[in-house]
Structures are given as structure tokens and as C-alpha cells.
Amino acid sequence: MAEYEILEEYVEALRPEIDAGNAVTVEVRDNDTFERLVVRALLQPGGADAQGDRLVLRNLAENVSADDWTIRILETLDPESVEIRPVSAFRRHGGEG
């Protein structure tokens, strides 16, 4: 089983889509190769009877905030052909400057 990491803020910004069971496009880091990947995937929070690889959520300070999520990658996307822009609740409400 592979292990991936994602910034917690990005998951929270997509939470309505994730909770609805929809696939989302996110950037993750493969912990085996340290490669950054843009993927279309299904994410599920801990406690869910999910099948997939382990997904670790990290906060802005790079501390582990949750390590019991799962990710099932449906498609690896070409980062050059996909407009991926992380949405951050912290930055969205942080104001100018």
C-alpha cells in the first residue's frame, strides 16, 4: 500500500465534494518517491470503510493533523495540462498583504 501526503487546508476547502463522494483534483506527494503528483482521486476520512492507499494530512506547520484518511487515485494528470490552484481557507480569509 502506498502512502501520500496532502495539505490539510486543501482537503477542507474541498470537503463538500469529498463528503458527497465525488472525485476531486488535488496535488499530493508520494512518500515513497517524494514526487509531487496531480491526481483525480476519491478521498475518504478516517473511520470510513474505504479502500485505497494511506493519505496523511499535514497542517501549515508541516505537522501531521490526520493520518487515517485514504486516497484512491483514479487518474494521474499532466500538471502542465491541468489548471490546479490550491484553495486555502487561511489565505482566502487572510486579507491583503
Side-chain angles (χ1 to χ4, degrees):
M1 177 175 357
E3 181 177 290
Y4 299 90
E5 289 185 357
I6 190 170
L7 193 57
E8 173 187 40
E9 283 189 285
Y10 303 153
V11 171
E12 290 306 317
L14 296 169
R15 196 62 188 254
E17 291 294 314
I18 293 167
D19 289 345
N22 297 327
V24 293
T25 301
V26 291
E27 182 180 323
V28 296
R29 182 174 75 176
D30 182 328
N31 281 349
D32 291 330
T33 64
F34 300 105
E35 180 182 16
R36 296 237 178 241
L37 305 168
V38 176
V39 298
R40 196 171 133 274
L42 295 170
L43 310 181
Q44 290 190 305
D49 293 329
Q51 294 189 355
D53 294 314
R54 185 171 184 222
L55 182 64
V56 176
L57 278 59
R58 292 196 175 266
N59 62 23
L60 288 173
E62 289 293 318
N63 297 316
V64 173
S65 61
D67 63 358
D68 57 350
W69 279 62
T70 59
I71 182 170
R72 190 172 57 168
I73 296 175
L74 304 174
E75 181 179 10
T76 301
L77 305 170
D78 177 7
E80 298 297 321
S81 66
V82 176
E83 176 70 32
I84 182 151
R85 211 158 132 193
V87 178
S88 164
F90 174 77
R91 290 175 185 87
R92 182 177 34 203
H93 300 298
E96 296 287 325

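Sequence neighbours left out, the pairs with a member in residues 53-62 that pass salt bridge (Lys or Arg N to Asp or Glu O under 4.0 Å) are E3-R54, E5-R58, R54-D67.
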Steps toward side-chain contact (heavy atoms from CB on, under 4.5 Å) verdict (R29, F34): CA-CA 6 Å; R29 182 174 75 176; F34 300 105; 4.3 Å; yes
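The hydrophobic cluster containing I73 does not contain L77, counting ILVMFWY residues as joined when their side-chain heavy atoms lie under 4.5 angstrom apart, directly or transitively. Residues I6 and W69 fall within the same hydrophobic cluster, defined by Ile, Leu, Val, Met, Phe, Trp and Tyr side chains chained together at heavy-atom separations under 4.5 Å.
Here the straight-line distance linking atom CG of L37 with atom CD of E35 works out to 4.5 Å at 0.5 Å rounding. Separating the CG atom in L42 from the CG atom in L55 is a distance of 12.0 Å, to the nearest 0.5 Å. Between atom CZ of residue R40 and atom CG of residue L74 there is a gap of 5.0 Å, rounded to the nearest 0.5 Å. Atom-to-atom distance recorded for N63:CG and E8:CD is 10.5 Å, nearest 0.5 angstrom. To the nearest 0.5 Å, the span separating CG on L14 from OG1 on T25 amounts to 8.5 Å. Rounded to the nearest 0.5 angstrom, L57 CG and S65 OG are separated by 5.0 Å.
Nearest heavy atom pair, residue A41 against residue I71, reads CB-CG1, 3.7 Å.
A heavy-atom distance below 4.5 Å is not found between the side chains of V39 and Y4. Put simply, the side chain of V24 does not reach to within 4.5 Å of the side chain of Y10, judged on heavy atoms.
In this structure E80 satisfies the side-chain contact (heavy atoms from CB on, under 4.5 Å) test together with D78, sequence neighbours excluded.
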